[in-house]
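Below, chains carry the letters A, B, ... as their sequence lines are ordered, and counting in each starts from 1.
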2 protein chains.
Amino acid sequence: MTSATVHDEAKARLAHMGQSYTANRRMIVDALIDAGPLTLPELLDRRSELAQSSAYRSLALLTEARVVRRIVHDSDHARFELAEELTGHHHHHLVCNGCGAVVDVELPNELEELLDQSLSAVALRAGFVLGHHDLDVHGICGNCQA
Amino acid sequence: MTSATVHDEAKARLAHMGQSYTANRRMIVDALIDAGPLTLPELLDRRSELAQSSAYRSLALLTEARVVRRIVHDSDHARFELAEELTGHHHHHLVCNGCGAVVDVELPNELEELLDQSLSAVALRAGFVLGHHDLDVHGICGNCQA
DNA sequence: ATTTATGCAAATCGTTTGCAAACCT
DNA sequence: AGGTTTGCAAACGATTTGCATAAAT
């Protein structure tokens with residue numbers, strides 16, 4: 001999916017909520033296209049024109065519009081990434097226990113299908129109505145092994 | 001695994017750090033044996049003798065001793081559960097998007113093996129040294145469907 | 001008696017919010 | 001002008017910490 005398509009879709013999703021795609025909001029989506037999952041400080045480093053509170057507010061709105069997804073692990077800051085529906089790639093996370101960095105990875109389709117089957121069965125048994133699944137793999141990234 | 005065994009193992013792990021298994025710490029482990037994954041307020045509800053700060057401090061220590069594992073999702077409070085090595089059951093989580101409740105579930109061994117294989121390959125490719133994996137399934141629990 | 005654990009109250013820090021100025025259209 | 005978005009500074013709330021008391025050995 002091209003970056004123009006991502007912006008179009010973001011705009012459409014905001015419009016659907018009666019919100020406009022302002023410069024700040026577009027700037028945030030751009031940063032996420034460029035850099036992948038970012039914490040708020042990382043985002044502010046890359047786009048220093050953004051005020052902290054505005055960044056938080058825009059991210060909250062973009063999350064509500066399902067343009068962005070908030071991912072939270074056991075580190076100080078939450079991370080934000082583009083929603084899977086915008087990028088078109090179902091993926092999972094390699095999470096570094098050293099620095100908290102998050103890398104996106106994909107699994108073979110066949111395995112995803114087995115997983116979905118099994119999770120459906122298990123959720124049904126527990127009386128859950130199923131939503132999506134997150135698979136996080138924890139480890140130490142190349143940088144932190146130094 | 002019996003509850004006595006869990007306490008023994010907890011005691012051993014603390015001893016290994018030069019720490020003792022005090023009444024407070026045992027009480028917390030007991031509550032987790034009884035109730036499964038708990039937030040701090042839920043824990044205090046069940047064991048009202050515990051002071052908030054002591055509960056946080058004991059949980060931090062038990063986490064460091066790998067008696068307890070801290071699981072964090074997108075809700076106000078972190079949750080604490082007994083470490084897998086203490087219960088002997090590798091498991092995953094059904095997370096309710098309504099109330100934040102967490103239910104433990106297990107997957108077929110065969111699937112876990114496929115998963116481990118695939119994750120190893122993927123982690124290697126990204127330069128990660130692999131640790132454990134967390135698989136969280138989000139949905140709506142029976143209570144919240146009412 | 002000395003060390004360790006506990007509980008209270010205060011501090012910390014990521015995130016959220018009130019409000020006035022800036023920005024559309 | 002009228003409504004929305006932004007940025008600053010203050011508020012919030014989960015968790016952590018300082019310090020004085022209470023257990024434990």
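The residues Glu42(A) and Arg46(A) are annotated as not salt-bridged, no charged nitrogen and carboxylate oxygen being separated by less than 4.0 angstrom. With salt bridges taken as basic N to acidic carboxylate O contacts below 4.0 Å, none links Glu81(A) and Arg70(A). Note on Arg69(A) versus Asp74(B): no salt bridge recorded, every NZ/NE/NH1/NH2 to OD/OE distance being 4.0 Å or above.
Judged purely by distance below 3.5 Å, without hydrogens or angles, the side chains of Asp30(B) and His7(B) pair a donor atom with an acceptor atom. Side chain to side chain, His132(A) and Asp134(A) meet the donor-acceptor criterion of an N or O pair below 3.5 Å. Side-chain contact annotation: His92(A) with Asp104(A), donor-acceptor N/O pair under 3.5 Å absent.
Residues of residues 11-34 of chain A that place a heavy atom closer than 4.0 Å to DNA chain D, in numerical order, are Gln19(A), Ser20(A), Thr22(A), Asn24(A), Arg25(A). Near DNA chain D, meaning a heavy atom under 4.0 Å from it, residues 61-80 of chain B has Arg70(B), Asp76(B), His77(B), Ala78(B) in order of number.
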List, with names and distances, any nitrogen or oxygen atoms from the protein found under 3.5 Å away from nitrogen or oxygen atoms belonging to nucleotides 17-25 of chain D.
residue: dG18(D); atom: O6; partner: Arg57(B); partner atom: NH2; Å: 3.1

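Both Tyr21(B) and Val68(B) belong to a common hydrophobic cluster when Ile, Leu, Val, Met, Phe, Trp and Tyr are linked at side-chain heavy-atom distances under 4.5 angstrom.
More than 12 heavy atoms of other residues, nucleotides or ligands sit less than 6.0 Å from atom CG of Asp8(B). Annotation: Glu110(B), atom CD; neighbour count of heavy atoms from other residues, nucleotides and ligands within 6.0 Å does not exceed 12. No more than 12 heavy atoms of other residues, nucleotides or ligands sit less than 6.0 Å from atom CD of Glu64(B).
With rounding to the nearest 0.5 Å, the separation of OG1 in Thr39(B) from CG in Asp45(B) is 8.0 Å. Atoms CG and SG, on Asn97(B) and Cys141(B) in that order, are 10.0 Å from each other to the nearest 0.5 Å.
Other members of the hydrophobic cluster containing Val72(A), listed by chain and number, are Val72(B); membership follows side-chain contacts under 4.5 Å among ILVMFWY residues, whether direct or relayed.
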Glu84(B) and Arg66(B): CA distance, side-chain angles, deciding distance, salt bridge (charged side-chain N to carboxylate O under 4.0 Å, His left out) verdict = CA-CA 9 Å; Glu84(B) 286 189 344; Arg66(B) 299 190 170 281; over 6 Å; no
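Here His90(A) and His133(A) bring their ring centres to under 6.0 angstrom of each other.
Chain B approaches DNA chain C over the interval dA5(C) to dA9(C), counting the first and last nucleotide 5' to 3' with an atom under 4.0 Å from its heavy atoms.
Rounded to 10 degrees, the angle separating the terminal helix axes of the helix from dA1(C)-dT25(D) to dT25(C)-dA1(D), each built from five base pairs, is 20°.
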